[in-house]
Every structure is written in structure tokens, then in C-alpha cells.
**Q** 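First the structure, which I've put down as C-alpha cells, then a few questions once you've had a look.
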Amino acid sequence: MIAFVSGTVAALAPDAAVVEVGGVGVAVQCTPDTLSGLRVGAPARLATSLVVREDSLTLYGFADDDERQVFELLQTASGVGPRLAQAMLAVHTPDALRRAVATTDEKALTAVPGIGKKGAQKLFLELKDRLGAPVGAAATTAGPGTTGWRDQLHAALIGLGYATREADEAVAAVTPQAEAAEGTPQVGPLLKAALQTLNRAR
């Protein structure tokens with residue numbers, strides 16, 4: 001079991017980071033929100049979970065141990081593999097998932113690609129006693145106010161290698177989506193939308 005990796009960020013991609021550990025580049029699959037906190041050339045420490053399959057070894061990385069623990073607990077539910085668990089954490093923070101399961105918030109779970117109404121009901125039954133209650137205040141992936149998500153999103157795009165002009169245009173493109181969201185906009189889904197916009201423009 002690889003509990004964490006610590007080293008210099010050698011490269012960033014839309015869904016992964018390469019961390020240099022002892023001269024070896026370790027590829028780690030991460031959510032957009034986790035990637036937004038990384039910078040090429042800067043030191044990083046990621047909590048990790050190794051998923052072993054017959055034909056592959058995949059390392060998933062997280063901003064902290066709580067996120068990794070929730071990732072592993074989600075996979076104890078039938079039908080939830082590592083990719084779906086990661087998608088759930090890309091859309092919601094660990095506490096947001098705990099609240100959604102504790103309050104049977106169907107809308108929150110069906111916001112995750114790959115989860116329908118029946119799947120959400122099944123997850124409520126299987127995860128209610130496993131995830132537990134929220135551990136913090138009403139946390140969101142973005143900072144307070146409307147400027148927080150803009151700054152985080154812009155910094156994430158620059159960290160992924162996009163030019164300042166491209167990052168400015170992508171932030172502007174997803175602003176309507178952010179303003180239409182209820183509550184504080186979440187950076188993870190906005191980063192995905194921004195990357196799609198940039199890919200179409202190229």
C-alpha cells in the first residue's frame with residue numbers, strides 16, 4: 001500500500017499529475033480540484049490509494065487523508081469502482097457527500113455523471129452507516145465569495161500550462177455556469193467545463 005507520495009511536481013494533465021519521487025516520475029490520477037492546488041516545479045504531498053487490477057496498477061491522489069478515506073469507503077458500495085468514486089469527489093467535497101447521503105439528497109448524487117435515480121437510492125442504503133456525519137462546517141471546494149472561484153480556476157489553468165489569455169477566456173466562458181449555480185460555485189466542475197472550452201478552441 002502506497003499511503004502517500006511526496007516530491008516535486010514534474011508535469012500536470014487534465015486528470016493526472018506526475019510527481020518525481022527519488023528520481024522516478026510517479027503518475028497519480030487526481031480530481032480537478034486537487035490538481036488546481038499543484039504547480040509544476042513546486043513540492044507536493046498527496047495522500048494516495050493504489051488500485052490493483054489484473055492488467056494495471058493505478059495510483060489515485062488526494063489533497064488529504066480524509067478525501068482518500070472517503071474514496072475508499074465509496075468503493076465498498078456495490079457498483080462503485082475507482083473511476084466513479086473519483087467522479088463523485090470531483091463534483092463534491094467529502095463533507096458534501098456525507099451530507100448528501102445523510103439527508104438522502106438525490107439531486108446532489110445524480111449531479112455526478114454515471115449516477116441515476118436508482119443508483120442514488122442504492123448508494124443511500126449502502127453508504128449511510130459507512131460515511132458517517134460531516135466532520136467540518138459547510139465546506140465547499142471554492143473559497144467564499146464569487147472572486148474565490150475565479151482566482152482558483154485561473155490559477156489551475158495556468159498550472160496546467162495554459163497562457164494567461166487562454167485562462168482569462170476560459171474563466172469568462174464558464175462564468176454564466178458559475179453564476180447559475182446554487183451557493184458558492186465549485187471549482188472542480190468549472191475546471192472541467194473550462195478545459196472542454198479550451199479543447200474546442202484549439
Side-chain angles (χ1 to χ4, degrees), residues 1-53 55-77 80-98 100 112-114 127 130-132 134-137 139-143 148-149 151-162 167 184-195 198:
M1 174 67 180
I2 301 174
F4 70 90
V5 295
S6 180
T8 302
V9 178
L12 290 171
D15 61 352
V18 177
V19 180
E20 185 176 340
V21 182
V24 177
V26 180
V28 188
Q29 300 290 313
C30 303
T31 64
D33 195 49
T34 298
L35 290 169
S36 71
L38 305 178
R39 299 290 177 272
V40 173
R45 183 185 188 278
L46 295 172
T48 56
S49 179
L50 181 64
V51 175
V52 181
R53 295 286 184 264
D55 57 348
S56 67
L57 295 173
T58 307
L59 199 61
Y60 289 84
F62 309 93
D64 54 42
D65 291 333
D66 183 43
E67 196 172 67
R68 178 188 61 194
Q69 183 181 20
V70 170
F71 171 79
E72 292 174 347
L73 285 171
L74 290 172
Q75 292 177 74
T76 63
V80 179
R83 289 193 177 279
L84 183 56
Q86 189 182 46
M88 292 170 77
L89 285 166
V91 175
H92 298 295
T93 63
D95 261 2
L97 283 172
R98 291 188 182 101
V112 179
L127 294 173
R130 300 178 195 176
L131 286 184
V135 295
T140 61
T141 51
W149 71 264
D151 293 341
Q152 283 191 324
L153 180 58
H154 195 275
L157 292 167
I158 297 296
L160 289 171
Y162 289 98
T184 305
Q186 292 193 329
V187 175
L190 291 175
L191 180 56
K192 281 185 177 180
L195 290 171
L198 288 165

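Quantities reported herein were computed from a predicted structural model and do not represent experimental measurements.
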**Q** Ignoring hydrogens, what is the shortest heavy-atom contact between Val70 and Leu89? Give both atom names and the distance.
**A** CG1-CD2, 4.1 Å
**Q** Taking the side chain as every heavy atom from C-beta outward, state whether Leu153 and Ser36 have any pair of such atoms under 4.5 Å apart.
**A** no
**Q** Quick check: closest heavy atoms across Gly61 and Thr48, and the distance to 0.1 Å?
**A** CA-CG2, 4.2 Å
**Q** For Ala17 and Leu12, which heavy atoms make the closest approach, and how far apart are they?
**A** CB-CD2, 3.7 Å
**Q** Would you give the length of the straight line joining atom CG of Leu59 to atom OG of Ser49, rounded to the nearest 0.5 angstrom?
**A** 8.0 Å
**Q** Less than 4.5 Å apart, any side-chain heavy atom of Asp65 and any of Arg68?
**A** yes
**Q** Nearest heavy-atom pair of Ala90 and Pro189: which atoms, and what distance?
**A** O-CD, 3.7 Å
**Q** If I take atom OG1 from residue Thr58 and atom CD from residue Gln86, how far apart are they, to the nearest 0.5 angstrom?
**A** 10.0 Å
**Q** Give the C-alpha distance, both sets of side-chain angles, the deciding distance and a yes or no for side-chain contact (heavy atoms from CB on, under 4.5 Å) between Gln29 and Val51.
**A** CA-CA 11 Å; Gln29 300 290 313; Val51 175; over 6 Å; no
**Q** Just verifying a value: how many Å separate Leu131 CG and Thr76 OG1, rounded to the nearest 0.5 Å?
**A** 7.5 Å
**Q** Roughly how far, to the nearest 0.5 Å, is CZ of Arg98 from CG of Leu127?
**A** 11.5 Å
**Q** Side-chain contact test, heavy atoms from C-beta onward, threshold under 4.5 Å: evaluate it for Leu74 versus Leu97 and give yes or no.
**A** yes
**Q** Between Ala44 and Leu38, which heavy-atom pair has the shortest distance, and what is it?
**A** CB-CD2, 3.7 Å
**Q** Hey, could you give me the CG/CG distance between Leu190 and Asp33, rounded to the nearest 0.5 Å?
**A** 10.5 Å
**Q** About how many Å separate OH of Tyr60 and OG1 of Thr31, when rounded to the nearest 0.5 Å?
**A** 12.0 Å
**Q** Report, as yes or no, whether the 6.0 Å neighbourhood of atom CZ on Arg83 holds more than 12 heavy atoms from other residues, nucleotides or ligands.
**A** no
**Q** Kindly give the heavy-atom pair with the smallest separation between Leu46 and Cys30, and that separation in Å.
**A** CD1-SG, 4.1 Å
**Q** Could you pull out all residues at least two apart from Val112 that satisfy side chain to side chain contact (heavy atoms under 4.5 Å, CB included)?
**A** Leu84, Ala87, Met88, Val91, His92, Ile115
